[in-house]
Structure formats: C-alpha cells, structure tokens
**Q** 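Before I ask anything, here is the structure I am working with.
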Number of protein chains: 2
Amino acid sequence: MASIRDVAKYASVSVATVSRVLNDKGYVGAETRKKVEAAIAELNYRPNEVARSLFKKQSKTIGLILPDIMNPFFPELARAIEDTASKLGYTVILCNSDEDEEKAQRYIDVLLQKYVDGIIISSNTILEKTIRELNIPVVCIDREISKDIPTIVVDNKKGARMATRFLKEKGRRKIAHIRGPIDIVNANERCEGYREVVSGEQWFNESYIVNGNYRMETATEVVLELLRQHPEIDGIFAANDTMAIGAMKAAYQHGLKVPEEISIIGFDGIALGKASIPELTTIEQPLYKLGQTAAKVLIKLIKGQDIEKTFYQFDVQLVERDST
Amino acid sequence: MASIRDVAKYASVSVATVSRVLNDKGYVGAETRKKVEAAIAELNYRPNEVARSLFKKQSKTIGLILPDIMNPFFPELARAIEDTASKLGYTVILCNSDEDEEKAQRYIDVLLQKYVDGIIISSNTILEKTIRELNIPVVCIDREISKDIPTIVVDNKKGARMATRFLKEKGRRKIAHIRGPIDIVNANERCEGYREVVSGEQWFNESYIVNGNYRMETATEVVLELLRQHPEIDGIFAANDTMAIGAMKAAYQHGLKVPEEISIIGFDGIALGKASIPELTTIEQPLYKLGQTAAKVLIKLIKGQDIEKTFYQFDVQLVERDST
DNA sequence: TAATTATCGGTAACCGGTTACAGATAGTTT
DNA sequence: AAACTATCTGTAACCGGTTACCGATAATTA
C-alpha cells in the first residue's frame with residue numbers, strides 16, 4: 001500500500017502538503033492541490049487509519065457491549081447503532097458480556113487499549129465508578145446505571161400501565177404478571193407499572209406476580225405452575241415478548257385458547273412477536289430509534305459537542321395483534 | 001495513560017528491555033524482569049495496541065460482514081465468531097451489507113484502512129477477484145463464492161433431501177417447495193435437493209416450486225396463492241425457517257391445521273422455530289459450530305498456519321418438532 | 001591466562017500519519 | 001524602495017510501540 005511519502009514523492013511536494021490537502025487544513029495552492037490529488041488518484045492512496053489513530057489518540061471506532069447478540073432484543077439495537085455510526089464515519093466493535101461483570105471489564109480493557117473513542121453499553125452489573133474512570137464517553141442503552149451517565153431508555157412504567165390497563169379494558173378480570181430479573185431496572189419498573197394498575201383491585205394478590213428471567217422456557221414453566229394454582233387467571237402481562245411467547249405455550253399446554261380464554265400481552269416489540277401464531281400484542285419500544293439515538297449522542301460526546309440532556313426517555317406504543 | 005517509556009524510566013531500564021519482558025522475547029535477566037514487572041504493575045501499564053498495530057501492520061481485529069444482523073439467522077453465527085475470536089485474542093468489527101455490493105465494498109475499504117487482519121463474509125454479490133485483491137485472509141460463511149476461498153457451509157442438498165423425504169415418510173403425498181432467492185447458492189442447492197426427491201413422482205409439477213425471498217411476509221403471500229391453486233398440497237418444505245413460519249401463517253389463514261392437514265418443515269434451526277406454535281420441525285444447521293470454525297480457520301490463516309482444507313461442509317440434522 | 005561464547009541491556013531507526021515552526025515568495029502599503 | 005502581510009511549502013519532531021544491531025559482562029573452554 002502506498003504511503004503518504006510515496007504520494008509526496010510522486011507529486012514532488014512534501015508530506016505536510018499532502019496531509020494538508022487530505023485534511024483540507026492550512027494553505028495549499030490550487031496548482032499544488034491538483035498535483036497532489038492526481039498523485040493520490042494515480043497511486044490509489046488511502047491514508048492509514050492506524051497511524052492517524054496513533055497520533056490523534058482516537059480511532060473512529062466505538063465499542064458496543066451487549067449481554068448477548070443472540071437475545072432477539074439486541075440485534076435491532078445493534079443494527080441501528082452500526083448504521084448510524086457508519087454514516088457518521090465510525091466503526092463498531094461488538095462484544096457479548098453475558099451479563100458477566102468480569103467479562104465486561106475485560107472487554108472494556110481491550111477496547112481502551114485499542115483507543116476506542118467511546119462505548120455504548122447495556123449492562124446492570126457494571127458500576128458507575130468503573131465507567132467514570134474510563135475517561136472516554138459512555139452511553140447506556142436499555143439499562144440505566146446512573147443519572148449522570150447518558151442513558152437511552154423507554155418509559156417502562158408507563159408501558160406497563162398501558163399493557164395492564166389494556167387487558168382490563170378487554171374485559172379481563174384476573175391479570176397476572178411475569179416479571180423480569182430483580183437486578184434489572186427495567187424489569188422492576190415494568191413490575192411497578194403493573195402494580196400501580198392492579199394494587200387497588202380486590203382480587204389482587206402478591207402471588208399474581210411470578211418471577212421470570214426474560215427467557216422463554218422459564219416463562220413456560222412458571223406460567224404453567226401459575227395457571228395450575230390460579231385457574232381464574234384470564235390475562236397475563238409478560239415483562240418481555242420472549243416470555244410472552246413462553247406464556248402462550250404454557251396456556252396451550254394448559255388447554256387454554258389464546259386469546260379466547262386468556263389474553264397475553266408482551267413488551268418490547270421484537271420481530272418474534274410477529275412470527276408467533278397468534279401474533280403477539282405488545283408494548284412496542286422504538287428499538288431502531290433507541291439505537292440511533294445512542295450512537296448519535298455518543299458521537300456528539302466524542303466530538304466534544306454538548307448534548308441537550310443526559311436522560312433520553314422514549315415513548316412506547318401499544319401494538320394490538322391477535323393474542324388479546 | 002502510562003507509556004512504555006514511563007515504565008522504562010520507573011524501572012531504570014531501557015524501553016527495549018520493557019518490550020522484551022512484555023513479549024517474552026530475547027534475553028532478560030531474572031532481576032531485571034522483576035523490576036520491570038513491578039513497574040508495570042505499579043503504573044498499571046497497558047501497552048497501546050494502536051502503536052503496536054502500526055509497527056506490526058496488523059491489528060488483532062477481524063471484520064465481519066453480514067447481510068443484516070436483524071435477520072435471525074445471523075446472530076448465532078456472529079456470536080460464535082465473536083466468542084471464538086475473543087478467546088484467541090481478536091476483536092470483531094460488525095458490518096451490515098444489506099446484500100449490497102457497493103456497501104460491502106465500502107466496508108471492506110474501511111476495514112483495510114484499519115488494518116484488520118482478516119475478514120469473514122457472508123455475501124453472494126461480492127466477486128472472487130475483489131477478495132483476491134485484498135491481500136488479507138478472507139473466509140466465507142453460509143454463502144459460497146469460489147472453491148478457492150475458504151468456505152464454511154452445510155450440506156444443503158442433503159438437508160433438502162432429508163426434509164423432503166421426511167415429509168414423504170410422514171405420509172404426505174403432494175409436497176411443495178418454497179425456495180429462496182435465485183442468486184443465492186444455498187437456495188439453489190436446497191431446491192435441487194428437493195427436486196432430486198420429487199422429480200420422479202408422477203404428481204410433481206414445476207408449479208409446486210414457488211419463489212420466496214427468505215422473508216416471512218412474502219412466504220405467507222406466495223403460499224396462500226399456492227394453496228388456492230393447489231388445494232391438494234399437504235406438505236411444504238420451506239428453504240428457511242422464517243419462510244416456514246410464514247407458510248404456517250398462510251396455512252392457518254387458508255383454514256388448514258398444522259400438522260393435521262398439512263405438514264411444514266423448515267431449514268436452518270434458528271431460535272424462532274422453537275417460539276412458534278406449533279414448534280417448527282426443521283433441518284438444523286450447526287450454526288455455532290459454523291461460526292466457530294470460520295473464526296478458527298480465519299485466525300489460522302492470519303497466523304500463517306496451514307489449514308487442512310479450503311471447503312468445510314458440515315452435516316445438518318433433522319429436528320422433529322410439532323409442525324409435521 | 002587468553003579466547004570464545006552465552007547472556008543481557010541500550011541506542012536509534014522505523015511503522016505512517018500530523019503539525020509546530022520556519023523560510024520563501026508575491027502582493028500591498030507607506 | 002523599504003517594510004509589511006498574506007499565502008504557500010518544507011523540515012523535523014512526535015504519537016507509542018518493536019527490533020536490528022552493537023557493546024558489555026560473565027561463564028566456559030582451550
């Protein structure tokens with residue numbers, strides 16, 4: 001590959017001049033510029049990004065740390081982030097942390113060594129202190145760590161209220177909730193939203209809230225048990241779509257028809273919901289928008305620009321399909 | 001961040017010595033080594049990967065170019081590749097090409113500028129010549145471009161035969177096939193496998209093969225039309241799971257029960273198949289294994305090691321669930 | 001004891017960009 | 001004509017690693 005010195009030699013100018021036309025910086029005469037451009041074209045020269053990174057101490061690369069790209073919730077976020085970053089001239093390194101703090105920490109170390117300009121992370125295990133010590137911009141997505149770190153989320157509580165109220169409006173009398181992991185903020189918020197709506201009801205009882213872990217199989221198990229213990233249940237609000245599908249399976253196994261005998265609503269709006277039969281009613285997050293915003297905000301921070309706020313909360317939308 | 005010169009100064013040795021203990025190369029006295037290690041620990045020194053890359057002309061980074069990470073087929077591959085690369089000390093840059101050759105080419109340019117050590121690509125638009133000109137190792141996954149480029153795929157034709165025969169064994173008499181895009185090799189191979197099994201049947205007729213594009217909605221449309229024209233059809237082999245789900249939806253819309261009145265089998269073995277109701281019978285690819293192999297082979301090539309073969313074809317497995 | 005070899009450590013150039021600084025030329029002002 | 005300014009270009013140091021090469025010391029051999 002041709003280097004900047006080759007180009008300089010070919011155009012009979014100095015490397016400084018070539019660098020100037022490359023970066024459109026400082027004075028360059030029209031004639032000289034033309035010569036240099038011709039040389040660049042002729043030699044098919046592309047500046048070496050690594051050398052540039054070394055001097056500039058930045059790499060036009062961002063790190064993306066997700067729990068697991070195989071979790072169907074994340075691909076759309078990842079796609080939006082990659083699209084946006086790419087449009088703005090950045091490249092993204094993908095990391096799967098498996099919700100494991102140590103693993104996340106190792107990834108962070110590697111990313112720092114590679115001079116990434118910033119990190120987008122979805123994690124509930126990482127500590128605020130750790131992030132603050134990085135000295136590069138970080139934005140959190142889907143999971144909130146601290147009000148001081150820029151965060152992109154949806155209004156989980158409101159969404160949960162919408163979901164629960166919707167089941168009531170559909171005439172459901174006994175509505176259960178399959179919640180997400182206790183250490184994940186959004187799971188608690190969704191549970192809280194559900195509570196706000198049902199806590200006044202005389203039928204409500206703590207055993208209507210069962211623990212899930214955002215995974216399908218577990219949801220099927222716990223819902224099966226729930227239905228055995230509470231045959232009166234005719235509505236389920238699952239804290240995510242994956243568990244909602246699991247709940248649908250449990251309902252079928254228990255001999256209940258969806259939506260005739262029991263209504264099920266999810267949360268997230270992942271593609272999976274459109275693949276189930278019947279298609280899943282859900283509280284849809286603007287996933288692409290979230291990812292896009294995360295990338296935009298991060299890159300603004302990288303460039304040292306101001307951001308309007310540190311907490312971006314988007315609205316969710318009820319998408320009625322066939323499971324309610 | 002501390003540099004190697006800081007460490008050298010702190011340990012009262014030269015930078016060369018520090019580099020030697022860092023890389024375990026050349027002679028270093030036991031005493032000296034200890035001093036240096038202490039200094040490294042004390043200053044919390046981490047070598048700058050960018051500087052190293054510049055000199056070594058390699059970055060411990062690989063590029064992964066996929067059509068679209070939102071396509072549920074790819075996350076598992078991506079995960080396997082990332083896991084494996086990470087274990088071997090490599091980092092992966094994610095790129096979504098949208099099957100667009102120009103976009104892929106732009107990504108390749110960027111990756112080259114960043115000195116990636118190799119590329120894993122899934123594409124049918126990119127040309128062999130383009131790849132050969134890169135001068136860095138490339139391996140293809142899922143899609144075959146040329147016998148000369150290391151490729152990781154499954155035995156599509158065999159899988160297709162298995163699927164079709166399985167439907168016959170289940171007593172299905174009129175079996176249709178929803179094929180994938182004509183410009184994708186694996187779609188053609190799967191179609192070929194189907195053909196081999198049914199072409200001898202007297203009922204077989206070209207109109208039993210309909211064109212899909214690996215997407216659900218389209219599959220639903222074409223299958224609906226197919227069922228209208230051929231009410232005798234009692235079995236469908238879809239070239240991928242996503243279309244199989246689409247076919248199931250069409251069957252329901254057409255008033256057919258799955259699997260009682262019509263059997264449907266897919267191909268790929270993506271997680272989606274386990275989320276549908278009824279769960280999808282499919283020809284499962286060892287996706288994780290494929291990704292893992294791609295990463296291993298690529299890294300071997302990067303290190304200049306020999307690889308056993310240039311064409312890795314894995315076996316598929318029939319996973320019987322509830323749609324047949 | 002002298003010569004040879006193994007071990008150890010330092011100096012400086014290099015990877016391929018960027019940029020501070022200085023020097024040269026041309027045009028303008030007094 | 002002298003002084004000054006605006007425009008243009010080049011030299012060399014720097015980013016933070018790696019490594020070729022050289023010199024010094026200690027251990028071994030003749």
Side-chain angles (χ1 to χ4, degrees), chain A residues 1-40 43-61 89 109-110 112-117 135-136, chain B residues 1-40 43-61 89 109-110 112-117 135-136:
Chain A
M1 266 243 215
S3 80
I4 196 171
R5 293 173 222 265
D6 298 329
V7 176
K9 199 170 293 173
Y10 193 93
S12 323
V13 298
S14 76
V15 292
T17 304
V18 178
S19 179
R20 275 184 212 110
V21 343
L22 239 40
N23 301 294
D24 243 331
K25 216 183 236 175
Y27 297 112
V28 181
E31 274 303 298
T32 316
R33 160 167 275 119
K34 237 182 235 160
K35 267 198 304 183
V36 172
E37 276 162 357
I40 288 175
L43 300 177
N44 192 241
Y45 168 73
R46 317 251 84 204
N48 179 326
E49 211 43 65
V50 177
R52 216 199 286 255
S53 293
L54 179 58
F55 187 87
K56 295 281 205 72
K57 290 179 186 301
Q58 44 138 294
S59 57
K60 290 277 180 181
T61 300
D109 285 345
V110 172
L112 287 179
Q113 278 187 51
K114 298 212 173 177
Y115 267 159
V116 295
D117 299 341
N135 293 318
I136 56 169
Chain B
M1 267 245 218
S3 81
I4 197 171
R5 299 179 216 258
D6 299 327
V7 176
K9 198 170 292 173
Y10 192 94
S12 325
V13 298
S14 76
V15 292
T17 305
V18 178
S19 178
R20 276 184 210 110
V21 343
L22 238 41
N23 301 295
D24 244 332
K25 216 184 237 174
Y27 298 112
V28 181
E31 274 303 297
T32 316
R33 162 167 274 119
K34 238 182 235 161
K35 267 198 305 185
V36 173
E37 276 162 356
I40 289 175
L43 300 177
N44 193 240
Y45 167 72
R46 316 251 84 205
N48 179 326
E49 210 45 63
V50 177
R52 216 199 285 254
S53 293
L54 179 58
F55 187 88
K56 295 282 204 70
K57 290 178 185 301
Q58 44 138 298
S59 58
K60 290 277 182 181
T61 300
D109 285 345
V110 172
L112 287 179
Q113 279 187 50
K114 297 212 173 177
Y115 267 160
V116 295
D117 299 341
N135 292 319
I136 56 169

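Each chain gets a letter, A, B and so on, in the order its sequence line appears, and its residues count up from 1.
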**Q** From the list D:dT18, C:dT19, C:dG10, which nucleotide is the closest neighbour of the side chain of A:F55?
**A**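 For A:F55, the side-chain atoms sit closest to C:dT19.
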**Q** Roughly, in whole Å, what's the span from CD1 in B:I4 to P in C:dC14?
**A**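 Checked: the CD1 to P distance equals 19 Å.
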**Q** Pairs under 3.5 angstrom only: tabulate donor-acceptor contacts from the side chains of residues 11-19 of chain B to other protein residues two or more places apart or in another chain.
**A**
residue	atom	partner	partner atom	Å
B:S14	OG	B:A16	N	3.3
B:S14	OG	B:T17	N	3.4
B:S14	OG	B:T17	OG1	3.3
B:S19	OG	B:N23	ND2	3.3

**Q** Does D:dG16 have OP1 or OP2 under 4.0 Å away from a side-chain N or O of B:S3?
**A** no
**Q** Among the candidates C:dA20, C:dG16, D:dG16, find the nucleotide nearest to the side-chain atoms of A:A16.
**A**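 Of the options given, the side chain of A:A16 lies nearest C:dA20.
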**Q** Rounded to whole angstroms, how far apart are CG on A:D6 and C1' on C:dC15?
**A**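 Nearest whole value for this atom pair: 13 Å.
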**Q** Just call it for A:V50: base, sugar-phosphate, or nothing, with non-hydrogen atoms closer than 4.0 Å on any strand.
**A**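 Here A:V50 touches no strand at all.
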**Q** Would you please name every residue forming a side chain to side chain contact (heavy atoms under 4.5 Å, CB included) with A:S3, sequence neighbours left out?
**A**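 Here the qualifying residues are A:R5, A:D6.
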**Q** Nearest-Å distance, CG (A:L54) to P (D:dA13)?
**A** 17 Å
**Q** So, OP1 or OP2 of D:dT18: does either fall under 4.0 Å of a side-chain N or O from B:K57?
**A**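 No, outside the criterion.
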**Q** List for me each residue that meets side chain to side chain contact (heavy atoms under 4.5 Å, CB included) alongside B:Y115, sequence neighbours excluded, and say none if there are none.
**A**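 Side chain to side chain contact (heavy atoms under 4.5 Å, CB included) list for B:Y115, sorted by chain: A:N48, A:V50, B:K57, B:S59.
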**Q** Tell me, please, which residues at least two apart from B:K35 pass side chain to side chain donor-acceptor pair (under 3.5 Å).
**A**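 Testing B:K35 for side chain to side chain donor-acceptor pair (under 3.5 Å), a comparison that skips the adjacent residues, returns none.
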**Q** Taking A:K60 for its side chain and B:K114 for its backbone only, find out whether a donor-acceptor pair lies under 3.5 Å.
**A**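 Here the side-chain-to-backbone pair does not exist.
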**Q** If you pin B:V15 and A:A51 to their nearest nucleotides in DNA chain C, which one's is more 5'?
**A** B:V15
**Q** For A:R5 and C:dT19, give me the distance from atom CZ to atom C1', rounded to whole Å.
**A**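 After rounding, the gap between these two atoms is 13 Å.
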**Q** What is the distance, rounded to the nearest whole Å, between atom CZ of B:R46 and atom P of D:dG17?
**A**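 Those two atoms, CZ and P, are 12 Å apart.
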**Q** Starting at CD of A:E31 and ending at C1' of D:dT7, how long is that distance when rounded to a whole Å?
**A**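 One finds 15 Å between C1' of D:dT7 and CD of A:E31, rounded.
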**Q** Minimum heavy-atom separation for B:V21 and B:R33, please, with both atom names.
**A**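 Residues B:V21 and B:R33, closest heavy atoms: CA-NH2, 4.2 Å.
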**Q** Between B:R52 and D:dT18, does any side-chain N or O lie under 4.0 Å from OP1 or OP2?
**A**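 The answer is yes; a side-chain N or O of B:R52 sits under 4.0 Å from OP1 or OP2.
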**Q** Starting at atom CG of A:N48, determine the distance to atom C1' of C:dG16, rounded to an integer number of angstrom.
**A** 6 Å
**Q** Could you work out which one of C:dG10, D:dG10, C:dT18 sits closest to the side chain of B:T17?
**A** C:dG10
**Q** Atom NZ of A:K56 to atom P of C:dT19: distance rounded to whole Å?
**A** 5 Å
**Q** With the threshold set at under 4.0 Å for non-hydrogen atoms, list the residues of residues 19-29 of chain B touching DNA chain C in residue-number order.
**A**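 Within this stretch, B:R20, B:Y27, B:V28, B:G29 sit under 4.0 Å of the strand.
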**Q** Tell me every residue that passes side chain to side chain contact (heavy atoms under 4.5 Å, CB included) with B:Y45, counting only those two or more places apart in sequence or in another chain.
**A** B:A2, B:I4, B:V7, B:L22, B:I40, B:P47
